[in-house]
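For reference, the structure is listed below as structure tokens.
First the proteins, then the strands, lettered A, B, ... as listed; each starts at 1.
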Number of protein chains: 2
Amino acid sequence: MKRVMSGREDSRPLYQRTTDALAAVIKDVEPGSYLPSEPKLARQLGVSRATLREAMRVFEGQGVIVRKQGVGTMVTHPPHVIETGIEKLESLETLAGRIGLQVEMGELEIEEREATDLEIERFALENGARVVDVSRVISTEERPIAYLVDSLPEHYLPEQVQQRRFKGSILDLLVRKQKPSVNTSLTEITAVSASAEVARELGIQRGDVLLCMEAWLRTREGDLIDHSFSYFLPGTFRFSIVRRVQGV
Amino acid sequence: MKRVMSGREDSRPLYQRTTDALAAVIKDVEPGSYLPSEPKLARQLGVSRATLREAMRVFEGQGVIVRKQGVGTMVTHPPHVIETGIEKLESLETLAGRIGLQVEMGELEIEEREATDLEIERFALENGARVVDVSRVISTEERPIAYLVDSLPEHYLPEQVQQRRFKGSILDLLVRKQKPSVNTSLTEITAVSASAEVARELGIQRGDVLLCMEAWLRTREGDLIDHSFSYFLPGTFRFSIVRRVQGV
DNA sequence: AAAAGGTCAATTGTCAGACAACATAATCGA
DNA sequence: TCGATTATGTTGTCTGACAATTGACCTTTT
């Protein structure tokens, strides 16, 4: 009888902890076979059936499980690919760590400048407001593999970065900060040939092939807090995504 | 007092109809403002609060709404970007039609051959089984913009294609067919320089920059039914994706 | 013997009502 | 005037019950 409640107090709502616990259960179930019945599972996790069902709906929405009345709840194939995708918003360091890739962050280059008209509109800034460009190179074994440029209003930039006392991901910092709470990133993916600047930073030829991502980072209230371009040398990172038919 | 129950019998479970009804409600709510309270909304939709909450969890999982105890349920910004992303599995024609782009399908090139070892393993085929390569060019205003190559076992290929009586998307046909029921596509995105073959088909120079997607199409049972490569000239299609922080 | 139909147990679907936990606004007292 | 308290409305959680569906087993009929 394993209960959801952990020793230390977890202040999150029960259904969220239940979701985590359920994820662990699903992970241990062979794809194609069935979960325990709802009453049983609810007893196992120490929650009511109603709460358990709400948690299950989340996974059903993701297509991880399929429920059928009178039969049971099946874990679908493949339940693991979710974790390899980029639909999760996380920093490159976190991603690299998960796939066992050792990366080194280059020195941050920080430049302050006046906001452009577009930025004033998108970020909802006042005229003459100032924004900061933060750029850096990410390498593995001394070979550059990515070049990142973040643009964001001055007041959103964490202090650690401002004081150059930090070598890491802007995204990680922003996510960890509670205010403002980062929620989503609308990312656009395209292929480009390297410009002179990017080529210089990455040590490649001008015109070489790069994968480019332009991302708009927003809070859950919809406020824009960061705009970034990321350039990747093809072949190192594998960006995958699970696409689903709409009807389901 | 609008009820979920429609005049004609909808055999789907109530919570699914509730999900649809709830989607309509959310659509009419200004982003940033709140939904009616759960008891009220449940009465409005003619379902119990438990059923309503299960439906709400789906949208919460998608980040469309945010619930806070003691306060209410807010519709987030921006609720529309979902529809622009590639996390939905649909054909290029469907996508193009949605964004108002007129495209022309080129002639299909169909070649049958023996399956490779990798394909025998992935598709779970017998030794010596035969697979079909289907390739085509997609253009807009006479200018090629994409080159697609599908590889799939012979018996999965719809008859219309086999008989050359079809000019359109393999994916559309497969989705429309009930057996086997296409569910997900694991797509990997990268940038490549055009090979000789692709360059010839697209009328570009060898080495030009292309966006490349490799996709594995599967049924919900996990069976592989199609493997495809898609090459895109940058700039025409805008592939976007909504990434979310994991914790929420 | 084979096919058809009926019974039964197990599972998910749905409901009603109640109370707890939490947040905010209104009220009251010093 | 300001702080504490109360009131009210919201989401969170639980309990117990019954309905709808499925599949296995058994019985009956052909």
(message) To check you understand the geometry: which heavy-atom pair defines the closest contact between B/Ile189 and B/Met213, and what is its length?
(response) CG1-CG, 4.2 Å
Rounded distance in Å - [atom1] ([X]) to [atom2] ([N]):
{"X": "A/Glu60", "N": "C/dT12", "atom1": "CD", "atom2": "C1'", "answer": "11 Å"}
{"X": "A/Met56", "N": "D/dT13", "atom1": "CE", "atom2": "P", "answer": "17 Å"}
{"X": "B/Leu41", "N": "D/dT11", "atom1": "CG", "atom2": "P", "answer": "9 Å"}
{"X": "B/Glu54", "N": "C/dT12", "atom1": "CD", "atom2": "P", "answer": "12 Å"}
{"X": "A/Met74", "N": "C/dT12", "atom1": "CE", "atom2": "P", "answer": "13 Å"}
{"X": "B/Tyr15", "N": "D/dT21", "atom1": "OH", "atom2": "P", "answer": "14 Å"}
{"X": "B/Arg57", "N": "C/dG13", "atom1": "CZ", "atom2": "C1'", "answer": "18 Å"}
{"X": "A/Arg43", "N": "D/dC14", "atom1": "CZ", "atom2": "C1'", "answer": "15 Å"}

(message) I'd like to know if B/Glu112 pairs up with B/Arg130 as an ion pair, taking the criterion as any Lys NZ or Arg NE/NH1/NH2 lying under 4.0 Å from an Asp or Glu carboxylate oxygen.
(response) yes
(message) Check this for me: does any side-chain nitrogen of one of B/Arg53 and A/Glu54 sit under 4.0 Å from a carboxylate oxygen of the other?
(response) yes
(message) My understanding is that only one of B/Thr51, B/Leu14, B/Thr18 makes a side-chain contact (heavy atoms from CB on, under 4.5 Å) with B/Leu45; could you say which?
(response) B/Thr18
Can you tell me which nucleotide in [options] comes closest to the side chain of [X]?
{"X": "A/Gln69", "options": "D/dT21, D/dC14, D/dG12", "value": "D/dT21"}
{"X": "A/Ser48", "options": "C/dA16, D/dT22, D/dT15", "value": "D/dT15"}
{"X": "A/Pro39", "options": "C/dT14, C/dT12, D/dT11", "value": "C/dT12"}

Is the distance from OP1 or OP2 of [N] to the nearest side-chain N or O of [X] less than 4.0 Å?
{"X": "A/Thr51", "N": "D/dG12", "answer": "no"}
{"X": "B/Arg49", "N": "C/dA16", "answer": "no"}
{"X": "A/Arg67", "N": "C/dT11", "answer": "no"}

(message) By nearest heavy atom, map A/Leu52 and B/Val71 onto DNA chain D; which one lands nearer the 5' end?
(response) B/Val71
(message) Pair A/Phe232, A/Phe239 - check ring pair (Phe, Tyr, Trp, His ring centres under 6.0 Å), show working.
(response) CA-CA 10 Å; A/Phe232 299 96; A/Phe239 294 109; 4.9 Å; yes
